[in-house]
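Notes to accompany the following structure.
One-based numbering, in listed order, for ligands and for the atoms of each.
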Amino acid sequence: MKSRIAAGSEEHKQLFCRQFIDTHQVFDPEELPWPELDAPALARLQAVPFWQEVYHTERRAGAIVDAFTPQVTDPLVREAVALQGVEETRHARLIRVLIDRYALSATEQPIEAFPPDLETAFIDFGFGECLDAFLGFGAFKTARQSEFLPAAMFDIFDVLMFEETRHIVFFINYMAWRERRRGLSAPARALKSAWFYGRAARRLFGMVKRGQDSNDGRDFDVTQASLFLDGFSFRGFVEDCYRENARRMSVFDPDLMQPTLLPAVADLAVRGLRLWDRGRLGRKQAA
Ligand SMILES: [Fe+2]
Ligand SMILES: [Fe+2]
């Protein structure tokens with residue numbers, strides 16, 4: 001649905017900041033209804049190899065947003081960005097509670113120094129979040145469907161996913177507002193987004209590669225992975241990302257802007273894969 005509000009206007013700023021501030025939830029990660037896990041579920045949770053990376057990513061997120069906050073000149077935007085910093089820091093605490101409670105292996109790594117241009121660091125981080133969340137929507141659906149963990153645990157992760165969805169909606173609107181005020185046209189904004197997404201994708205692939213190298217031989221063991229991946233299809237995963245993104249975005253005010261590039265790419269990929277599958281079936285039948 002097309003927004004009735006002009007990107008970059010005062011009305012737009014009021015809308016995306018106020019909505020973000022008004023939907024902030026107050027809770028303490030310690031007090032969440034953490035479930036007791038039986039031995040097999042605990043073993044599955046402990047076998048997940050990326051808790052250290054998740055914990056580090058959330059700590060780094062809090063540090064970047066906190067560092068950028070004082071540089072935001074507009075008071076209302078600054079209030080919203082500050083609140084995002086609070087939420088990112090709380091995500092790190094939530095993951096820390098998870099690590100301690102279920103004896104997961106993850107150590108605290110030092111956070112790298114940020115470049116002097118903190119706004120670019122914030123923008124890089126924002127596009128990274130958009131990409132991670134879009135893929136995370138699909139992965140989360142797959143994990144939930146496989147009953148990898150009890151539903152109560154997914155309900156807790158859902159609290160985090162909801163906040164990440166709010167962050168990316170806030171970020172997409174912040175970028176549109178910022179670029180519009182700088183006089184950038186819609187095509188120039190789209191091009192700039194594609195460039196930042198390219199950087200985010202390169203960083204993500206680098207992280208996956210590093211994870212594979214450091215986990216060499218200690219990967220998810222075969223039974224754990226098959227629990228996740230039984231019946232896994234790439235097309236199904238991309239479809240899940242696309243559908244979950246639409247479902248999670250549907251709760252936001254239609255006057256807010258939403259990410260469009262990744263859903264469009266996913267939609268194109270699914271159409272292409274469908275055609276490919278149909279062609280393959282046709283070739284099989286002809287043979
Ligand atoms: Fe976060
Ligand atoms: Fe976030």
For this session: Kindly determine whether E164 and R248 satisfy salt bridge (charged side-chain N to carboxylate O under 4.0 Å, His left out), including the steps that lead there.
Result: CA-CA 11 Å; E164 294 301 7; R248 289 180 183 272; over 6 Å; no
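- No more than 12 heavy atoms of other residues, nucleotides or ligands shown are found within 6.0 angstrom of OH on Y242.
- Inspection of the environment of the Fe ion (ligand 2) yields the following protein N, O or S atoms under 2.8 Å: E88 OE2, E129 OE2, E164 OE1, H167 ND1.
- We find that R101 and E36 are joined by a salt bridge, their nearest charged nitrogen and carboxylate oxygen being less than 4.0 Å apart.
- Here the closest heavy-atom approach between residue I172 and residue P259 is recorded as CG1-CG, 3.8 Å.
- Residues G126 and F171 share a closest heavy-atom pair of C-CE2, 3.4 Å.
- Residue pairs meeting the ring-ring contact (aromatic ring centres under 6.0 Å, His included) criterion with at least one partner in residues 84-110, sequence neighbours excluded, are H91-H167.
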